[in-house]
2 protein chains.
Amino acid sequence: MDGFDDAETKESDVLTRPDPSLGTVGADQAIRLGPLERSLGFHLRLSQMRAFTDFFETFAGDGLQPGSLSVLILIGENPGIRQGVLAQTLMIKRSHMAKIVQGFGEKGLVARRVPADDRRSVELRLTDKGESLVASTMPKFLAHEAASADSLTAEERQTLLALLTKFHGAKGPAR
Amino acid sequence: MDGFDDAETKESDVLTRPDPSLGTVGADQAIRLGPLERSLGFHLRLSQMRAFTDFFETFAGDGLQPGSLSVLILIGENPGIRQGVLAQTLMIKRSHMAKIVQGFGEKGLVARRVPADDRRSVELRLTDKGESLVASTMPKFLAHEAASADSLTAEERQTLLALLTKFHGAKGPAR
DNA sequence: CCATTCTTGTCCACATGAAAACAATCCACA
DNA sequence: TGTGGATTGTTTTCATGTGGACAAGAATGG
């Protein structure tokens, strides 16, 4: 496990550093992002991590994850939706969706129904328990959403939302 | 493994569907997103998945992943950067960063150096091999970036970038 | 100077998500 | 009718990423 050189030197690289005068070496050191500075993917990833972190802060104790919650919400909004459609909409692999739904089934949150006209597929809907979980979580979720972009003005948030939608929506529904 | 009812019925849920007249049941069925429609986190996730997919399309054969490439780029831009700083900047766990860097070390792309003034830490820089890999990949990367948002106008792309930066940057560097 | 506490990177156990092979079912078409 | 191919969900296997304990070194404070 070592194609490594752990050389023990320390000279010459101050010159390549952005601004040696900053002194304090800590994490607040200015980092050159180079081409990443203008990379959409890069900033998307960072933004999503941020949103993720915020989510977990809000829903700390609830044992809920962003993905799971969105699945529940979508089932609630579209009773009888099929697993595959759900997976495609959320850009989750079908194999993964199977696991998620299985988990919800075991927790009694989601009921499966095999329609007579296509016995391969599975229609999903919330149980009463699932319904009430979503209902009770929703206010917290909405409050979280409202606060989530407190670094942006309302207008900026709106613009961001529109641009994101246009960005990911414009190329067809995620083959 | 079955808190499940696999009932075999098929009635009554057409009523709850958005528009039964659409007929074709396929994936192009209109899905109600409900509160997700206006959720930043939701659209961020979808957008990132989209960017991810595009990235893999471009760099299919190169065995490169978005994360790995950004690590390499950042090391290239900041020779001597320490692992922890890198991890913090990219919002990657230190434990994971250790693995990544280890992999780069084994491939001879990155050299580690333990500075004399703090022998816990590890300074990273690209080897010649790493340098040339980044150099040869960069044009492709830049082209990819330029094309990545072809569903947006140049101005929209610029706005999106700025808003994302403001969004994730405004709350401090990811504690 | 020593003891305590904090940092930095590493290791190991585990969770999360993806790729691919698979079984059941449906559909097209002869 | 029935046969080959496509679709739908499941299973298995594997890569990727996280959490927590740890060891070595550095800082703090008497």
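Predicted model only: the values in this text are computed from it and were never measured. Proteins get letters first, then strands, A, B, ... in listed order; numbering begins at 1 in each.
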**Report entry** Interatomic distance, R113(B) CZ vs dG9(C) P [rounded to whole Å]
**Finding:** 15 Å
Query raised in the report: What integer distance in Å separates Q48(A):CD from dG17(C):P?
Result: 11 Å
Requested in this report: Assess whether side chain to side chain donor-acceptor pair (under 3.5 Å) is satisfied between Q158(A) and R38(B), documenting all intermediate values.
Outcome: CA-CA 9 Å; Q158(A) 167 59 29; R38(B) 317 218 75 245; 2.4 Å; yes
Query raised in the report: OP1 or OP2 of dT7(D) less than 4.0 angstrom from a side-chain nitrogen or oxygen of R119(A), does that happen here?
Result: no
Query raised in the report: Is the phosphate of dG9(C), meaning OP1 or OP2, less than 4.0 Å from a side-chain N or O of Q102(B)?
Result: no
**Report entry** Separation of dT7(C) P from D118(B) CG (nearest whole Å)
**Finding:** 12 Å
Requested in this report: Heavy atoms only: give me the nearest A51(B)-G41(A) pair and the separation to one decimal.
Outcome: CB-CA, 4.3 Å
**Report entry** Separation of atom CZ in R45(A) from atom P in dT16(D), rounded to whole Å
**Finding:** 14 Å
Query raised in the report: Roughly how many Å is it from CG in D117(A) to P in dT8(D), rounded to a whole number?
Result: 12 Å
Query raised in the report: Is any NZ, NE, NH1 or NH2 atom of the basic residue among E131(A) and R125(A) found under 4.0 Å from an Asp or Glu carboxylate oxygen of the other?
Result: no
Query raised in the report: Quick one: F56(B) CZ to dA18(C) P, roughly how many Å, whole number?
Result: 10 Å
Query raised in the report: Rounded to whole angstroms, how far apart are CD on Q83(B) and P on dG25(D)?
Result: 16 Å
**Report entry** N or O in side chain of R120(A) less than 4.0 angstrom from dG9(D) OP1/OP2
**Finding:** no
Query - Salt bridge flag under 4.0 Å for residues E156(B) and K166(A) - result: yes
Report task. Check ring pair (Phe, Tyr, Trp, His ring centres under 6.0 Å) between F141(B) and all other residues, then give those that pass, not counting sequence neighbours. Result -> none
Query raised in the report: Applying the side chain to side chain contact (heavy atoms under 4.5 Å, CB included) test to L33(B), which of I73(A), L74(A), N78(A) qualifies?
Result: L74(A)
Query - Between dT7(C) (C1') and Q88(B) (CD): distance, integer Å - result: 12 Å
Report task. Determine, for E145(B) against K140(B), whether the closest basic-nitrogen to carboxylate-oxygen distance falls under 4.0 angstrom. Result -> no
Under 3.5 Å, which protein N or O atoms sit close to an N or O of nucleotides 17-21 of chain D? Give each pair with its distance.
| residue | atom | partner | partner atom | Å |
| --- | --- | --- | --- | --- |
| dG17(D) | OP2 | H96(B) | NE2 | 2.9 |
| dT18(D) | O4 | K99(B) | NZ | 3.2 |
| dG19(D) | O6 | S95(B) | OG | 3.4 |

